[in-house]
There are 4 protein chains.
Amino acid sequence: MKQKDSHLSNRQKQALQTRQRLLDAGLAVFLENGFQKATISQIIKKAKTGYGTAYVYFQNKDELFIELMEDVMNRFYEVAELSFEPKSKSEAYEMIEHQVRLFLKLAIQEREIMKVVKEAIGLSVAVNDKWLEIREKFIKRITVDVRYSQQNGLAKPTLNAAVIARAWYYANEMFMWEIVEKDITSIEDIVSNLTKMYTGGLYL
Amino acid sequence: MKQKDSHLSNRQKQALQTRQRLLDAGLAVFLENGFQKATISQIIKKAKTGYGTAYVYFQNKDELFIELMEDVMNRFYEVAELSFEPKSKSEAYEMIEHQVRLFLKLAIQEREIMKVVKEAIGLSVAVNDKWLEIREKFIKRITVDVRYSQQNGLAKPTLNAAVIARAWYYANEMFMWEIVEKDITSIEDIVSNLTKMYTGGLYL
Amino acid sequence: MKQKDSHLSNRQKQALQTRQRLLDAGLAVFLENGFQKATISQIIKKAKTGYGTAYVYFQNKDELFIELMEDVMNRFYEVAELSFEPKSKSEAYEMIEHQVRLFLKLAIQEREIMKVVKEAIGLSVAVNDKWLEIREKFIKRITVDVRYSQQNGLAKPTLNAAVIARAWYYANEMFMWEIVEKDITSIEDIVSNLTKMYTGGLYL
Amino acid sequence: MKQKDSHLSNRQKQALQTRQRLLDAGLAVFLENGFQKATISQIIKKAKTGYGTAYVYFQNKDELFIELMEDVMNRFYEVAELSFEPKSKSEAYEMIEHQVRLFLKLAIQEREIMKVVKEAIGLSVAVNDKWLEIREKFIKRITVDVRYSQQNGLAKPTLNAAVIARAWYYANEMFMWEIVEKDITSIEDIVSNLTKMYTGGLYL
DNA sequence: AATGAATGAGACTTCATTCAT
DNA sequence: TATGAATGAAGTCTCATTCAT
């Protein structure tokens, strides 16, 4: 954003570079070997640092991966954060369909790293916890959107926004995993059915 | 059920008993330690058999667990198999709500073993594959139900039954995991919101 | 040789057949998997008998293999037993060259089983001992031949027949293994050089 | 020998010591238990290092043993490398007899470790391969010697030096194993007969 | 003569992490 | 800030063989 780094000492700049080298190397190694088979050994070799150096910047393998994972998930979160202030049911439909499409397209784009994320979730408690945290962030954001529609008389006011948001997110997340794991590339059928059922069920 | 076994030789009966002892011991050990920490060693000790004996009946820890998992999942599947031939939208609503409630109640009942299942899915490829297989069985069954409603003029005929069934199942499965993992006991809010959104979105 | 079996009871005939079935199955399994990887399990499955049955006829896996090995080695031993009563050095040369050629040709013919024999020698004490026994039988036979030549004034009388026979056998055995393991097919160079050196060194 | 190591950091020197401790411990353990029964566990206990440490320096038990084996075999190889430039047949005879004697004496000296080598050759593919490599090195060296004698008009020029060298080496190796395994101590009979036959057969 | 259910010893190896330098 | 030598826990699974039937 602003001119960061500019006020840093050379030493600090170097440190930042080392850190970034580890991150880059980590990404490459995780993509190539998956989470479990990736070793710190491979990562530091690729980053040309010593064993200890990796532990200066990251508590452990999981933390390094989580950093990488957050980068990717931020891209997903940008989609969730898209402004959502529809004036009508049909506008809501358009916006939601658009959002779902972007979300699933992103899954296709980030397929490889997401496969590793899926694996890591099952293997590392820390990664799993991080994932849960990310998920709640998504659900919270969706809950806000649902409430907006209810407050503006577009959506059924008796439904529990939090539960609906969760259900909706769950369906999206699961299709996302399916796309990632089964190498699915055509998503339009999913996009439209998902959106229709959701808006049909939620909106007036 | 019937008198099976009756035609088995004593030897075979004994073998069957040994196998069952291992299964029982396995369940106890998995419940107590979780999937990862459970060891074959603990299981055979509890079953009072030799190491090799376990490997006569099960290829490895994963296979033994999968057998156990299938037993539990069959109880879930019974719910999915409940006859579903509604005459009206409201009858459909009743039936679906009933099914969801049974499904989630079962999750509460089987909470402990399901926690282990969740853990095992992330840890064992074999268990994960089995889970995917079970999931597809559920989705296939739901797809049939959706089609029935469409063919009887109850549900929107333009929706893709397979995709809708999948989305619906996904939402249910995810709430099931949430209930299992967060020790949730009050499910009525989930049941009613889930059902309302689903029937509102799918049915005419 | 004579009409064996004819006087055997049916039961004894059956037993003999079972034994033979095990031997045949053993050969097939050893050839396919090598000594170490071959399992009793595979053998009895192929022979269509029970576990225990194999142990009625053979003390253990090694014994079954040794029986097979003896069959093959008898074919080699026939070469060693070829009558050897040369009248002159040149006749001796011819006979020895002929013998070496037959011996090494046999190695080519029996290559596959001999590979397994080599493996088994290193792995099983019993097989190794049997091999040593077979070797001594060969050397004893050769010693007789060397003595014959010495007694008939054809070979240097001061050489120690036993040591010479052993050295000669060793060279032959080693070339045999080389042919077996390196899939060598052209042996004439070996045959002639071996024979020339041997007769040159031993004969007058 | 010279002051190598001098330029190594303390860290590297320490590492070298650790490695040597493992090698020394390995030798002791292999001598005491043979190859098969020796365990990494015993070795690290004797070397007072951790499990992982052994695997830092050697891929596995086989590799550690191969290192040990190479040390011994180098002593044998020194004998094979003895300069061989005879001026006459009788000088050749003397030199060869001397070499054979040294070779077999060495076998007596190194009997215990060579017993383990023999065992290991049958048990470990890696050790077997290493042995084959060592053997070829010997044979190559002998081939050079045979050629020298042929080129200087001492040995029969029509014989194939490579085959003769191989045959000669084989006889020596086999007697070496016999001496090692049967605890033979009187070698003069072998030395003289072997040399006589060889020189008689090869030289003019 | 034939069967087959049961047995159990036990050695390997990996790799994230530490901490003295 | 960077290094890298050292650590060590821990759980799998095989398969020849036995012996009661």
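Naming: A, B, ... by sequence-line order, numbering from 1 per chain.
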_Counting the atoms with a prime plus P, OP1 and OP2 as sugar-phosphate, which does C/Ala54 contact under 4.0 Å by heavy atoms, base, sugar-phosphate, or nothing?_
nothing
_Counting only heavy atoms and a strict 4.0 angstrom limit, can you tell me which residues of residues 57-66 of chain B come near DNA chain F?_
B/Asn60, B/Lys61
Cut-off 3.5 Å, no hydrogens considered: what does the side-chain donor-acceptor table look like for residues 47-55 of chain C, sequence neighbours left out?
unit_1  : atom_1 : unit_2  : atom_2 : d
C/Tyr51 : OH     : C/Ser41 : OG     : 3.2
C/Thr53 : OG1    : C/Gly50 : N      : 3.4
C/Thr53 : OG1    : C/Gly50 : O      : 3.4

*State which residues pass salt bridge (Lys or Arg N to Asp or Glu O under 4.0 Å) with A/Glu110; sequence neighbours excluded, sorted by chain then number.*
A/Arg75
_Sequence-distant partners of D/Ile66, side chain to side chain contact (heavy atoms under 4.5 Å, CB included), two or more places apart_ = D/Glu63, D/Glu70, D/Ala126, D/Val127, D/Lys130
*Considering residues at least two apart in sequence or located in another chain, which fulfil the ring pair (Phe, Tyr, Trp, His ring centres under 6.0 Å) criterion with C/Tyr57?*
none
*For DNA chain E, determine which residues of residues 113-133 of chain A have any heavy atom closer than 4.0 angstrom to one of its atoms, and list them numerically.*
none
_Residues from residues 45-53 of chain A lying under 4.0 Å of DNA chain F - heavy atoms_ = A/Thr49, A/Gly50, A/Tyr51, A/Gly52, A/Thr53
*Only counting residues at least two apart or in another chain, list the ones meeting side chain to side chain contact (heavy atoms under 4.5 Å, CB included) with D/Gln14.*
none
*Starting from the 5' end of DNA chain E, give me the residue, D/Arg11 or B/Arg21, whose nearest nucleotide shows up first.*
B/Arg21
*Would you mind telling me which residue lines up with the more 5' stretch of DNA chain E, B/Thr18 or C/Thr18, judged by nearest nucleotide?*
C/Thr18
*Can you name the residues that form a salt bridge (Lys or Arg N to Asp or Glu O under 4.0 Å) with C/Glu181, not counting sequence neighbours?*
C/Lys118
*asked:* Just to be sure I understand the rule, does B/Ile40 reach a base, reach only the sugar-phosphate, or reach nothing, if contact means heavy atoms closer than 4.0 Å?
replied: sugar-phosphate
*asked:* Can you give me the dot-bracket string for DNA chain E, 5' to 3', counting Watson-Crick and G-U wobble pairs with both distances under 3.5 Å, using [ ] for crossing pairs and | for partners on another strand?
replied: .||||||||||||||||||||
*Leading and trailing nucleotides of DNA chain F with any atom under 4.0 Å from heavy atoms of chain D*: F/dT3 to F/dA9
_Taking ring pair (Phe, Tyr, Trp, His ring centres under 6.0 Å) as the definition, give me every residue that meets it alongside A/Phe58, ordered by chain and number, with sequence neighbours left out._
none
